[in-house]
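Read the structure below first, then the notes.
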Amino acid sequence: MRPLEFTLNGRPCHADAPAHWTVLDLLRDGLALTGTKFGCGEGVCGTCTVLLDGEPVRACLVLAARLRGRAIVTVEALGRDGAPDPLQAAFARAGAVQCGFCTPGMLLSAQALLVSTPSPTAEEVREALAGNLCRCTGYTKIVEAVLAAARER
């Protein structure tokens, strides 16, 4: 086990992880944060997307040891006091959530986009979400939700 110190969802975190664990392993198995989903395990589907120092990364591809001294944000950080984040609310209103499996990764990819580009175009939204696969929605409602959230912010 290796001791790790990093920031998790805005708070200091101390955790121990085996050398072979990925960020996904640490989040789900070590810290019981199950919002980040396991999809392909190969970095292709985007289901396990989290923000590392503000940038979307595939948690299944990053070794947990790389978290030392860094900041990670998971879907659990969205919303406050039981109220959804405006992005989450926009997803719900637009019907952008069907099975919900891809939603955490989509939300965090969209969050990173809206921080860097507060008023994105539809094309910029599609580009930002290109690495996140959804098998249910066809993406139209997801793009609409991100654009609506951008207008509301």
Side-chain angles (χ1 to χ4, degrees), residues 6-11 13 15 17 20-64 66-67 70-153:
F6 56 97
T7 301
L8 174 63
N9 296 332
R11 295 188 172 142
C13 184
H20 68 279
W21 266 16
T22 64
V23 170
L24 181 62
D25 296 325
L26 177 63
L27 292 173
R28 292 186 60 81
D29 299 334
L31 300 172
L33 293 174
T34 57
T36 305
K37 305 301 180 202
F38 176 85
C40 67
E42 297 177 357
V44 175
C45 71
T47 301
C48 66
T49 299
V50 296
L51 302 180
L52 183 57
D53 295 332
E55 296 296 321
V57 298
R58 307 295 188 259
C60 70
L61 295 180
V62 179
L63 286 175
R66 304 257 325 178
L67 292 179
R70 300 179 79 183
I72 187 167
V73 174
T74 69
V75 72
E76 285 88 355
L78 295 181
R80 294 203 194 299
D81 301 322
D85 180 86
L87 185 57
Q88 291 170 308
F91 266 60
R93 279 193 313 276
V97 177
Q98 288 187 19
C99 84
F101 196 71
C102 71
T103 305
M106 290 280 187
L107 286 167
L108 290 171
S109 292
Q111 178 76 1
L113 170 67
L114 294 177
V115 167
S116 67
T117 309
S119 297
T121 64
E123 184 57 35
E124 288 171 320
V125 172
R126 283 187 205 91
E127 185 175 320
L129 300 178
N132 296 80
L133 300 179
C134 176
R135 292 163 181 87
C136 300
T137 67
Y139 303 97
T140 301
K141 298 293 184 185
I142 295 169
V143 172
E144 289 173 6
V146 176
L147 293 172
R151 286 190 300 273
E152 293 169 16
R153 288 182 175 198

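Numbering of residues begins at 1 and proceeds along the displayed sequence.
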Original post:
Are any of the side-chain heavy atoms of L27 and I72 separated by less than 4.5 Å?
Top reply: yes
**OP:** Identify the two heavy atoms, one from E76 and one from L33, that lie closest to each other, and give their separation to 0.1 Å.
**Re:** OE2-C, 3.5 Å
Original post:
Can you tell me how far CG of D29 sits from OG1 of T34, rounded to the nearest 0.5 angstrom?
Top reply: 10.5 Å
Subject >> Within-4.5 Å side-chain heavy-atom neighbours: C134 and I142 >> reply: yes
**OP:** To the nearest 0.5 Å, tell me how far S119 OG sits from R153 CZ.
**Re:** 11.0 Å
**OP:** Please lay out, stage by stage, how Y139 and V125 fare under the test side chain to side chain contact (heavy atoms under 4.5 Å, CB included).
**Re:** CA-CA 10 Å; Y139 303 97; V125 172; over 6 Å; no
Subject >> Nearest heavy atoms of A112 and L51, plus distance in Å >> reply: CB-CD2, 3.8 Å
Original post:
Taking the side chain as C-beta and beyond, is there a heavy-atom pair between T74 and L8 under 4.5 Å?
Top reply: yes
**OP:** Flag the pair E152 and R93 as a salt bridge only when some basic side-chain nitrogen lies within less than 4.0 angstrom of an acidic carboxylate oxygen.
**Re:** yes
Subject >> Which atom of A94 lies closest to which atom of K141, heavy atoms considered >> reply: O-CD, 3.1 Å
Original post:
For the atom pair SG (C13) and CG (L26), what is the distance rounded to the nearest 0.5 Å?
Top reply: 7.0 Å
Original post:
Tell me, do F101 and R135 make a side-chain contact under 4.5 Å, heavy atoms counted?
Top reply: no
Original post:
Of all heavy-atom pairs between E124 and L113, which one has the smallest distance, and what is that distance?
Top reply: O-CD2, 4.0 Å
Original post:
Hey, does the side chain of R28 reach the backbone of V23 with a donor-acceptor pair shorter than 3.5 angstrom?
Top reply: no
Original post:
Are any of the side-chain heavy atoms of L107 and L78 separated by less than 4.5 Å?
Top reply: yes
Original post:
Between T7 and R70, does any side-chain donor sit less than 3.5 Å from a side-chain acceptor?
Top reply: no
Original post:
Is a side-chain N or O of D25 found less than 3.5 angstrom from the main chain of T22, in a donor-acceptor match?
Top reply: yes
Original post:
When rounded to the nearest 0.5 angstrom, what distance separates OG1 in T137 from CZ in F91?
Top reply: 8.5 Å
Original post:
How far apart are the closest heavy atoms of L87 and D85, and which atoms are they?
Top reply: N-OD2, 2.8 Å
**OP:** Mind checking side-chain hydrogen bond (donor to acceptor under 3.5 Å, both in side chains) for S109 and listing every partner two or more places apart, or none if nothing turns up?
**Re:** N132
Original post:
So, for A150 and L114, which heavy atoms are closest and what is the spacing to 0.1 Å?
Top reply: CB-CD2, 3.7 Å
Original post:
Can a donor-acceptor pair be found between the side chains of E123 and T121 at a distance below 3.5 Å?
Top reply: no
Subject >> Reported NZ-to-OG1 distance for the pair K37 and T49, which is rounded to 0.5 angstrom >> reply: 13.0 Å
**OP:** Please list, chain by chain and in numerical order, all residues satisfying side-chain hydrogen bond (donor to acceptor under 3.5 Å, both in side chains) with R66, sequence neighbours excluded.
**Re:** none
**OP:** Hey, could you give me the OG/CD distance between S116 and E55, rounded to the nearest 0.5 Å?
**Re:** 7.5 Å
Original post:
Tell me, do T47 and L133 make a side-chain contact under 4.5 Å, heavy atoms counted?
Top reply: no
